[in-house]
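See structure below.
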Number of protein chains: 2
Amino acid sequence: MADITLKKLAELLNLSISTISRSLNDDYQINQTTKDKVIALAKELNYQPNPYAGSLRKKGSKTIAVILPEVANNFFSLAIDGIEEVAQKNGFHVLIYLTHENYLKEVDIANHLMNGRVDGILMSLSSETNNLEHLDKLIEKGIPLVLFDRVSDKINSPHVTTDDFEVSQKATEHLITAGSKKIAFLSLSRYLSIAEKRFKGYSSALKKHDLDLDEKLIVSLTNSLEENYENIKKLIIEEKPDAIFASVESLAMTVYEVVNDLKLKIPNDIKVLSFSNLRIASFLAPSLTSINQPAFEIGRQATSILTRAIKYGKFETPLEKIILKSELQIRNSTV
Amino acid sequence: MADITLKKLAELLNLSISTISRSLNDDYQINQTTKDKVIALAKELNYQPNPYAGSLRKKGSKTIAVILPEVANNFFSLAIDGIEEVAQKNGFHVLIYLTHENYLKEVDIANHLMNGRVDGILMSLSSETNNLEHLDKLIEKGIPLVLFDRVSDKINSPHVTTDDFEVSQKATEHLITAGSKKIAFLSLSRYLSIAEKRFKGYSSALKKHDLDLDEKLIVSLTNSLEENYENIKKLIIEEKPDAIFASVESLAMTVYEVVNDLKLKIPNDIKVLSFSNLRIASFLAPSLTSINQPAFEIGRQATSILTRAIKYGKFETPLEKIILKSELQIRNSTV
DNA sequence: ATGAAAGCGCTAACAC
DNA sequence: GTGTTAGCGCTTTCAT
């Protein structure tokens with residue numbers, strides 16, 4: 001079946017291409033009878049406008065890009081769900097790109113999106129990302145950019161995050177109240193402001209309770225499960241923390257594995273607490289005290305800001321910086 | 001910063017547009033010095049070809065679509081990971097569409113992809129999908145389509161699945177050997193051939209061990225967590241099965257919730273086994289006996305078949321029907 | 001109320 | 001080795 005174009009419809013109906021185009025776009029000038037005829041035939045032949053011709057002509061592609069560190073992750077997959085919902089409702093197509101926590105890949109992807117392929121970009125930074133020139137270039141180009149979760153304050157764009165400082169402080173205090181004195185802090189990055197905020201929440205809680213900040217208890221991990229396993233094992237053996245605060249879900253999983261292999265008991269020997277969107281956290285052995293982020297809602301709101309900016313040609317000023325609340329769910333891994 | 005086009009480069013260098021185009025495409029006829037000059041300037045100005053102009057002209061968009069029932073799901077998010085990897089390596093952009101297990105949405109999405117937006121489609125059917133005309137139309141249009149996991153034998157396309165019948169039979173036999181006599185079977189759909197294969201594996205194991213197939217133990221569930229909770233609760237209370245075989249991970253999660261609320265014990269009161277790609281299945285209380293599918297590899301292979309078909313303009317014949325092996329991991333929920 | 005024609009940015013015949 | 005030109009399918013002025 002050959003592609004059906006405006007031209008073909010025009011020939012079939014003995015009308016000009018522009019009349020067809022206008023009918024399909026419900027132009028007020030066109031005779032209703034003509035319109036009906038055109039629409040009927042278009043439907044019958046399942047006419048689908050060529051998106052590239054339209055994009056070339058009109059500018060605007062009704063497409064957004066989502067750049068993520070990874071997708072096999074409860075937080076990000078929930079966020080995509082929210083993104084896709086709002087995008088679909090507003091008629092946007094969603095392109096997905098994964099950086100795998102690789103800064104160079106992130107730059108590369110950003111550079112390839114400067115050509116009009118997308119009308120806007122949603123992004124969560126890779127853990128390696130420190131330099132933000134690639135994002136500045138995007139903004140200079142006038143491509144709307146909204147960051148979420150892994151954001152940066154050094155970039156002039158709206159963003160959606162959670163109350164990382166407050167909830168981390170609260171979580172750390174919970175550990176202290178439960179009797180912990182040597183709390184280790186695990187994170188994925190030393191660069192991201194989200195990591196910094198979580199860390200500051202942690203350290204501020206320590207200070208408030210007159211506990212010293214011990215550098216040896218602060219561990220930066222990577223994308224490699226094996227490396228993380230070894231480093232966490234080393235941490236537990238050498239430093240003997242009585243609690244671990246994992247700032248990322250996957251690290252908590254590894255902690256469970258290490259603790260199990262070392263034949264230690266949670267929470268007696270060591271308490272564990274983590275940011276996590278695991279649906280069955282309550283059925284883990286022991287159930288995991290979690291900081292649950294509203295991932296779906298983060299995705300929704302970020303996309304909503306983006307699509308509005310695309311529609312109106314600019315962001316609302318001042319730039320929206322939305323902070324949603326996370327929830328601390330206390331379970332058996334800490335009490 | 002205004003967009004930089006071939007025309008602009010041509011003006012700047014006092015060359016014709018086609019010379020610029022050819023230089024950038026490394027045409028053999030062009031003088032090396034000219035080429036170098038053009039390439040240097042293009043790089044300096046960060047020239048990015050307009051993808052829509054190219055697609056309009058050349059046909060082919062270097063874009064594939066992935067149509068999925070959902071993404072907040074360990075299986076599908078791992079599959080996306082594999083898809084994205086192969087796509088990126090072959091220079092393809094990945095559009096993602098979610099059907100939320102809704103047949104009409106699936107049809108709608110398929111219809112909107114018949115206009116050249118994508119060069120090919122990867123798809124896993126929604127649980128509601130019974131009629132496949134929308135896919136036939138795609139194939140008629142000449143758009144390469146590769147199904148994975150949730151496939152259908154009624155459609156003339158390559159696909160990638162796992163050994164659903166064999167592993168389901170093996171899993172059911174494992175339950176029988178462990179002493180179960182009333183094994184309930186939970187699934188999401190009565191239409192999909194994958195559901196049928198898993199069911200047949202289950203029923204064939206029953207027959208082999210002279211156990212009767214009891215219709216009341218076969219339950220079709222939906223997309224709604226609440227409904228599923230109630231239906232599973234009803235099943236357990238009324239039929240008192242001594243084991244449950246969940247053919248989808250999310251159903252196993254709900255089973256854990258129901259069993260817990262009913263104050264029953266796994267595996268003593270009731271054994272549980274499920275298809276699942278949960279990384280921490282071994283840390284559940286009790287650890288979950290799982291059928292683990294190679295989700296990442298499924299995504300990779302499906303994409304590899306698709307990109308090859310796009311490259312060569314047709315699928316290899318006979319159509320590839322790849323079957324990868326799943327792995328039954330026996331844990332405490334069944335022994 | 002409809003048609004003719006220009007042009008979006010690019011590639012590829014076809015000149016020279 | 002480089003330039004000229006047509007045309008991909010569409011929207012949108014400008015005519016009529």
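Hydrogens, waters and symmetry mates play no part in the numbers below; they use all other heavy atoms, side chains included. Source: prediction; values computed, not measured. Below, read A as the first sequence line, B as the second, and so on, with proteins coming before strands; counting in each chain starts at 1.
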*For dC10(C), take OP1 and OP2 only and decide whether either is under 4.0 Å from a side-chain N or O of Tyr47(B).*
yes
*From the options dA1(C), dC8(D), dC10(C), select the nucleotide whose nearest atom is closest to the side chain of Leu56(B).*
dC8(D)
*Please report, rounded to the nearest Å, how far the P atom of dA13(C) is from the CD1 atom of Ile17(B).*
18 Å
_By nearest atom, which of the nucleotides dG9(C), dG3(D), dG9(D) is closest to the Leu15(B) side chain?_
dG3(D)
*Nearest-nucleotide wise, let me know which of Asn50(A) and Tyr28(B) is further upstream toward the 5' end of DNA chain D.*
Tyr28(B)
*Within the structure shown, what part of the strands sits under 4.0 Å from Ser21(A) by heavy-atom distance: base, sugar-phosphate, or nothing?*
base
*Name the closest nucleotide to the Leu6(A) side chain, picking from dT2(C), dC10(D), dC8(C).*
dC10(D)
*asked:* How many whole angstroms separate atom CD1 of Ile4(B) from atom C1' of dG9(C)?
replied: 12 Å
*Do Tyr97(A) and His93(B) make the cut of ring centroids closer than 6.0 angstrom?*
yes
_From CE (Met114(A)) to CD1 (Ile143(A)), nearest 0.5 Å_ = 7.0 Å
*Whole angstrom value for the distance that separates P of dC8(D) from NZ of Lys58(B)*: 17 Å
*asked:* Of the options dT2(D), dC10(C), dC10(D), whose atoms approach the side-chain atoms of Pro49(A) most closely?
replied: dC10(D)
*Whole-Å gap separating P (dG1(D)) and CG (Asn14(B))*: 20 Å
*If you measure from the Lys or Arg side-chain nitrogens to the Asp or Glu carboxylate oxygens, is any gap between Lys89(B) and Glu84(B) under 4.0 Å?*
no
*Could you tell me the separation between the CG atom of Leu24(A) and the P atom of dT2(C), rounded to a whole number of Å?*
14 Å
*Would you kindly give the CG-to-C1' distance between Asn25(A) and dT12(D), to the nearest whole Å?*
11 Å
_dG3(D), OP1 or OP2 - any side-chain N/O from Thr19(B) closer than 4.0 Å?_
yes
_Arg22(B) CZ - dA12(C) P separation (whole Å)_ = 10 Å
_Is the phosphate of dT2(C) approached by Thr34(A) (side-chain N or O, under 4.0 Å from OP1 or OP2)?_
yes
*asked:* Quick check: any donor-acceptor pair below 3.5 Å linking the side-chain of Ser18(A) to the base of dA5(C)?
replied: no
*asked:* Would you say Glu101(B) and Ser126(B) are linked by a side-chain donor-acceptor pair, where the criterion is simply a distance under 3.5 Å?
replied: no
*Nearest whole angstrom, please: distance from the C1' of dT2(D) to the CG of Asp27(B).*
11 Å
*asked:* Test your reading of the model: is there a side-chain donor-acceptor pair from Ser77(B) to the backbone of Ala72(A), 3.5 Å cut-off?
replied: no
*Between dT2(C), dG1(D), dG3(D), which nucleotide has the shortest distance from any of its atoms to the side chain of Gln29(B)?*
dG1(D)
*Is any side-chain nitrogen or oxygen of Lys8(A) closer than 4.0 Å to OP1 or OP2 of dG9(D)?*
no
